[in-house]
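Okay, structure first, notes after.
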Amino acid sequence: MKTAITPTRSENFSEWYQNLIVAADLAENAPVRGCMTVKPYGWAIWELMRDEMDKRIKAAGVQNANFPLLIPIEFFNKEAEHVAGFAKEAAVVTHYRLKMIDGKLQPDPESKLTEPYIIRPTSETIIGEAMSRWVQSYRDLPLKLNQWVNVMRWEMRPRMFLRTSEFNWQEGHNVFATHDEANEDARKMHKVYGDYMRDVLAIPCIMGEKTPEERFAGADHTYTIEQIMQDGKALQAGTSHDLGQHFAKSFGIQYLGTDGKLTHAWTTSWGTSTRMMGGLFMTHSDDDGLVLPPVVAPYQVVIIPITRGDENIDAMNEFTTNLESQLRDRGIRVLTDNSDMRAPDKMWKWIKRGVPLRVEIGGREIETGTVTMTRRDLGKSSRETVSVADFGETVAAKLDTMQHDMFAVAAERNKTMIHNVKDLAELESALSKGTIGFFRIKYTETQNDRFDALIEKYKISRRCLDDSDPSFVFVAKSY
RNA sequence: CGGGGCGUAGCUCAGUCUGGUAGAGUGCUUGCUUUGGGAGCAAGAUGUCGUAGGUUCGAAUCCUGUCGCCCCGACCA
């Protein structure tokens with residue numbers, strides 16, 4: 001059978017993924033190394049994802065703000081572990097103007113900055129500096145801030161959406177009076193992320209704490225959301241950190257308590273990025289292209305008029321206008337594709353872009369007052385004809401069902417991707433046989449040289465501890 | 001940053017070994033016939049052969065430099 005994307009997932013997953021991005025018109029590689037240009041269709045998906053996440057962040061009592069793109073190097077120096085984590089991938093701004101030298105525009109040597117700036121890879125430091133001034137008294141706490149910005153990390157091996165040198169994200173930074181509150185907050189935002197993945201992106205996740213080996217540079221605890229891709233690899237889709245007092249001490253974030261004593265505060269930070277889009281695409285899509293859960297589909301329904309040139313265009317327009325308004329009244333995003341492409345080409349275009357429901361309208365439907373529709377996730381076999389009178393209600397119900405079905409299908413697949421292994425021997429045996437997915441093993445089994453050798457040999461890593469029993473750890477290959 | 005591969009039409013690539021006026025498929029444009037899961041025929045347009053230099057009567061082709069991309073490592077929120 002001919003598929004819209006070649007190679008197929010089973011033939012070559014990573015090439016399939018790259019071709020998917022092109023076929024669905026999501027993004028392209030930018031002229032700047034490691035960076036991508038997100039195209040309108042891709043960005044429309046991001047906007048829906050972002051708006052939904054923003055709503056949930058605000059519901060958690062967080063306010064949005066905006067901090068500078070450039071961070072003084074000295075700020076990075078203040079937290080030793082943090083510097084070590086990001087120094088190797090920092091882009092540095094050293095000059096502030098250009099000059100024509102030998103017919104070429106070059107940084108003007110005269111404009112060299114005495115103190116260079118780093119383009120933010122994350123903003124703990126510059127926000128920490130602000131917090132040290134904003135937090136004076138216990139009355140200023142808790143302080144909860146978030147920003148939606150782009151950041152830059154000089155990646156050696158970029159992959160669209162999954163790892164790009166520049167990416168967009170939200171980073172939340174909260175301050176509390178006590179460690180208990182801070183830790184509770186880190187866990188709370190972790191849960192916000194997990195709920196979001198399930199309800200909005202229809203992606204089942206493994207949620208848990210990072211082991212000390214894998215936690216964020218400068219954190220006491222890192223809580224992660226790990227997704228399982230169709231090829232069994234892990235994707236870290238969001239993290240929430242309990243930063244202890246590290247940044248508070250480095251930046252002097254202190255408050256005067258009711259006891260009249262000056263105490264260092266406790267901070268958290270938590271982020272999700274455009275990487276989530278990569279996870280969304282890799283989780284649900286198939287060999288014919290993108291499959292989007294209705295909640296984040298720019299067009300939830302596309303109406304495709306099938307014309308032969310001999311029908312009454314006015315009747316057709318009247319018919320589709322009625323259908324559109326039925327959907328708009330229910331807040332459903334709909335597009336009628338009146339472009340002059342041939343009908344089969346339109347079909348494939350919207351299949352590749354993952355539109356949840358395709359509606360076909362031709363002379364047959366107009367005559368009988370019916371509508372024919374097909375679900376993207378189930379394909380041709382789900383083609384069904386309903387009466388115009390029930391259209392809006394049927395569509396709303398189908399979109400809702402589809403959102404849940406997509407989660408269920410992914411959850412079912414995840415089950416087959418998680419393997420319990422009792423010791424290293426069993427783990428190695430599975431890996432050597434090419435078993436894909438996550439392996440659940442006693443954490444203590446991974447505390448030795450033999451496990452380190454397996455990491456080296458099979459490119460695996462500890463993804464996170466099992467939330468239901470933290471003496472177990474999940475191990476997998478990752479993106 | 002190491003190892004390998006590749007830069008030729010919008011896209012995928014042939015042509016390079018063996019130097020001699022730039023090619024195919026697809027897409028695009030136009031027309032007719034078509035149209036319910038990727039239509040057919042016909043006509044047409046499209047290039048600084050990544051880039052800079054060298055060798056040569058002559059370079060996509062040979063030589064040197066350089067830039068970029070992909071894959072595999074190393075590195076990594």
Side-chain angles (χ1 to χ4, degrees), chain A residues 1-6 12 14-15 18-19 22-23 28-36 82 84-90 120-124 151-167 169 171 210 213-219 222 224-226 234-241 269-276 278-279 288-289 303-311 340-352 358-368 370-374 376 379-385 455-457 459 461 463 478-479:
Chain A
M1 191 163 71
K2 193 180 172 189
T3 58
I5 310 286
T6 50
N12 185 337
S14 77
E15 207 172 320
Q18 293 183 57
N19 291 333
V22 175
E28 62 182 27
N29 273 312
V32 182
R33 197 199 125 72
C35 296
M36 65 175 174
H82 193 62
F86 289 104
K88 274 174 278 184
E89 48 189 25
R120 64 180 163 221
T122 177
S123 305
E124 272 77 6
V151 292
M152 175 154 271
R153 299 175 188 180
W154 211 264
E155 293 293 347
M156 291 316 236
R157 232 170 115 175
R159 309 193 58 169
M160 292 236 244
F161 293 105
L162 300 175
R163 190 187 297 110
T164 47
S165 290
E166 180 193 12
F167 59 90
W169 76 343
E171 49 175 323
K210 283 282 181 193
E213 297 88 347
E214 306 286 338
R215 72 167 72 109
F216 179 72
T222 289
T224 182
I225 306 234
E226 301 286 326
L235 184 74
Q236 183 174 307
T239 48
S240 180
H241 313 289
S269 72
W270 29 279
T272 54
S273 71
T274 39
R275 175 181 278 183
M276 280 192 294
D288 280 333
I303 298 173
I304 300 173
I306 313 272
T307 55
R308 296 163 175 272
D310 58 348
E311 55 280 283
D340 66 355
M341 278 191 279
R342 298 176 334 106
D345 290 340
K346 287 185 196 179
M347 298 264 202
W348 281 105
K349 172 179 173 176
W350 297 111
I351 288 170
K352 285 188 284 193
R358 293 191 307 285
V359 170
E360 299 163 42
I361 301 301
R364 206 185 292 165
E365 281 76 12
I366 296 175
E367 216 169 281
T368 56
T370 60
V371 180
T372 301
M373 59 180 92
T374 312
R376 174 63 183 88
K380 215 169 161 181
S381 63
S382 66
R383 207 148 166 267
E384 189 186 326
T385 300
I455 287 183
E456 191 70 25
K457 185 167 176 192
K459 310 298 165 201
S461 55
R463 303 316 304 164
S478 78
Y479 276 99

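Throughout, a chain's letter reflects where its sequence line sits, starting with A, and its residues are numbered from 1.
- Counting non-hydrogen atoms under 4.0 angstrom, A/Glu360 reaches a base of the nucleic acid.
- Nucleotides B/rG25 and B/rA45 are separated by 15 Å at their P atoms, to the nearest Å.
- In this model, a side-chain donor or acceptor of A/Glu365 finds a partner on the base of B/rG36 within 3.5 Å.
- In this structure, CD of A/Glu213 is placed 18 Å from C1' of B/rC75, rounded to the nearest angstrom.
- When the P atom is compared between B/rG20 and B/rA59, the two are found 11 Å apart, to the nearest whole Å.
- If you check B/rG19 for Watson-Crick or wobble pairing at under 3.5 angstrom, you find it has no partner at all.
- Between A/Lys380 atom NZ and B/rG37 atom P there is a gap of 6 Å when expressed in whole angstrom units.
- Using a 4.5 Å heavy-atom threshold, the side chains of A/Gln236 and A/Glu226 count as touching.
- Pair assignment for B/rG2 gives B/rC72, based on Watson-Crick or G-U wobble hydrogen-bonding distances that are each under 3.5 Å.
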Extract from the structure each pairing of a protein N or O with an N or O of nucleotides 2-4 of chain B at less than 3.5 Å, listing the distance.
none

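- Atom P of nucleotide B/rC1 and atom CD of A/Glu89 are separated by 16 Å, given to the nearest angstrom.
- Projected onto RNA chain B by closest heavy-atom contact, A/Met341 and A/Gln236 fall at different nucleotides, the more 5' of which corresponds to A/Met341.
- Looking only at distances, no side-chain donor or acceptor of A/Lys352 sits under 3.5 Å from a matching main-chain atom of A/Asp288.
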Please list each protein N or O that sits under 3.5 Å from an N or O in nucleotides 30-32 of chain B, with the distance.
none

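- Distance check on atom P: B/rA9 versus B/rU46 gives 15 Å, rounded to whole Å.
- Using C1' as the reference atom, B/rG19 and B/rC57 are 12 Å apart when rounded to the nearest Å.
- In terms of phosphate contacts, A/Lys459 brings a side-chain nitrogen or oxygen within less than 4.0 Å of OP1 or OP2 of B/rA74.
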*When you look at A/Ile366 and A/Ile361, which way does the side chain to side chain contact (heavy atoms under 4.5 Å, CB included) test go after all the steps?*
CA-CA 7 Å; A/Ile366 296 175; A/Ile361 301 301; 4.2 Å; yes
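- Take the nearest nucleotide of RNA chain B for A/Phe216 and for A/Ile5: the residue whose nucleotide is more 5' is A/Ile5.
- The residue A/Thr239 sits close to a base: some heavy atom pair falls under 4.0 Å.
- Here B/rC11 presents its P atom at 16 Å from NZ of A/Lys352, a figure rounded to the nearest Å.
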*For A/Arg463 and A/Ser461, run side chain to side chain donor-acceptor pair (under 3.5 Å): C-alpha distance rounded to whole Å, both residues' side-chain angles, the deciding distance at 0.1 Å, then the answer.*
CA-CA 6 Å; A/Arg463 303 316 304 164; A/Ser461 55; 2.7 Å; yes
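- Rounded to an integer number of Å, the gap from CE of A/Met347 to P of B/rG37 is 6 Å.
- Atom CH2 of A/Trp169 has more than 12 neighbouring heavy atoms from other residues, nucleotides or ligands inside a 6.0 Å radius.
- Using a 4.0 Å heavy-atom criterion, one finds that A/Gly238 contacts the bases of the nucleic acid, with or without backbone contacts as well.
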*Apply side chain to side chain contact (heavy atoms under 4.5 Å, CB included) to A/Phe216 and A/Thr239, showing your working.*
CA-CA 9 Å; A/Phe216 179 72; A/Thr239 48; over 6 Å; no
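- When rounded to the nearest whole Å, the span between CG of A/Asp340 and C1' of B/rU29 equals 12 Å.
- Between A/Lys346 and A/Glu360 there is no salt bridge, since none of the side-chain N atoms of the basic residue sits less than 4.0 Å from a carboxylate O of the acidic one.
- For the OP1/OP2 pair of B/rG73 and a distance below 4.0 Å, the side-chain nitrogens and oxygens of A/Arg157 include at least one atom meeting the criterion.
- Under a 3.5 Å cut-off, the side chain of A/Arg163 and the backbone N or O of A/Arg157 do form a donor-acceptor pair.
- When both pairing distances are held under 3.5 Å, B/rA52 makes a Watson-Crick or G-U pair with B/rU64.
- Atom pair A/Lys346:NZ and B/rG36:C1' shows a separation of 13 Å (rounding to whole Å applied).
- Comparing B/rA39, B/rC76, B/rA74 by their closest approach to the side chain of A/Pro344 singles out B/rA39.
- When heavy atoms are screened at a 4.0 angstrom cut-off, A/Ala4 is found touching base atoms of the nucleic acid.
- Closest to the side chain of A/Glu155, from the set B/rA39, B/rG37, B/rC76, is B/rC76.
- Taking atom C1' in both B/rC63 and B/rG44, the straight-line distance is 41 Å, to the nearest Å.
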_Check against side chain to side chain contact (heavy atoms under 4.5 Å, CB included), A/Met276 and A/Ile225_ = CA-CA 10 Å; A/Met276 280 192 294; A/Ile225 306 234; over 6 Å; no
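- Although no hydrogens or angles enter the test, the distance criterion places a donor-acceptor pair under 3.5 Å between the side chain of A/Glu365 and the main chain of A/Gly362.
- Side-chain atoms of A/Thr385 and A/Thr372 form a donor-acceptor pair, as typed in the model, at a separation below 3.5 Å.
- Pair assignment for B/rC32: B/rG40, on the basis of Watson-Crick or G-U wobble contacts that are both within less than 3.5 Å.
- At the heavy-atom level, A/Phe167 lies nowhere under 4.0 Å from the strands shown.
- Checked by atom type and distance alone, the side chain of A/Glu171 pairs as donor or acceptor with a backbone atom of A/Ser123 at under 3.5 Å.
- Between the P atoms of B/rC75 and B/rU16, the separation comes to 41 Å (whole Å).
- Taking 4.0 angstrom as the limit, A/Lys88 places none of its side-chain polar atoms (N or O) nearer than this to OP1 or OP2 of B/rC75.
- Atom P of nucleotide B/rG38 and atom CZ of A/Arg358 are separated by 12 Å, given to the nearest angstrom.
- Residue contacts for A/Ser273: at a heavy-atom cut-off of 4.0 Å it reaches no nucleic acid atom on any strand shown.
- Using a 4.0 Å heavy-atom cutoff across all strands shown, A/Ile304 reaches no nucleic acid atom at all.
- Using a 4.0 Å heavy-atom criterion, one finds that A/Ser14 contacts no nucleic acid atom at all.
- As rounded to the nearest Å, B/rA14 and B/rU56 have C1' atoms that lie 26 Å from one another.
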*asked:* The test is side chain to side chain contact (heavy atoms under 4.5 Å, CB included); show your working for A/Phe167 and A/Arg275 and say whether it passes.
replied: CA-CA 8 Å; A/Phe167 59 90; A/Arg275 175 181 278 183; over 6 Å; no
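- As judged by a 4.0 angstrom heavy-atom cut-off over every strand, A/Ala87 is placed among residues making no nucleic acid contact.
- When both distances must be under 3.5 Å, the Watson-Crick or G-U wobble mate of B/rC11 is B/rG25.
- Annotation: B/rG15 and B/rG31 have their P atoms spaced 38 Å apart (nearest Å).
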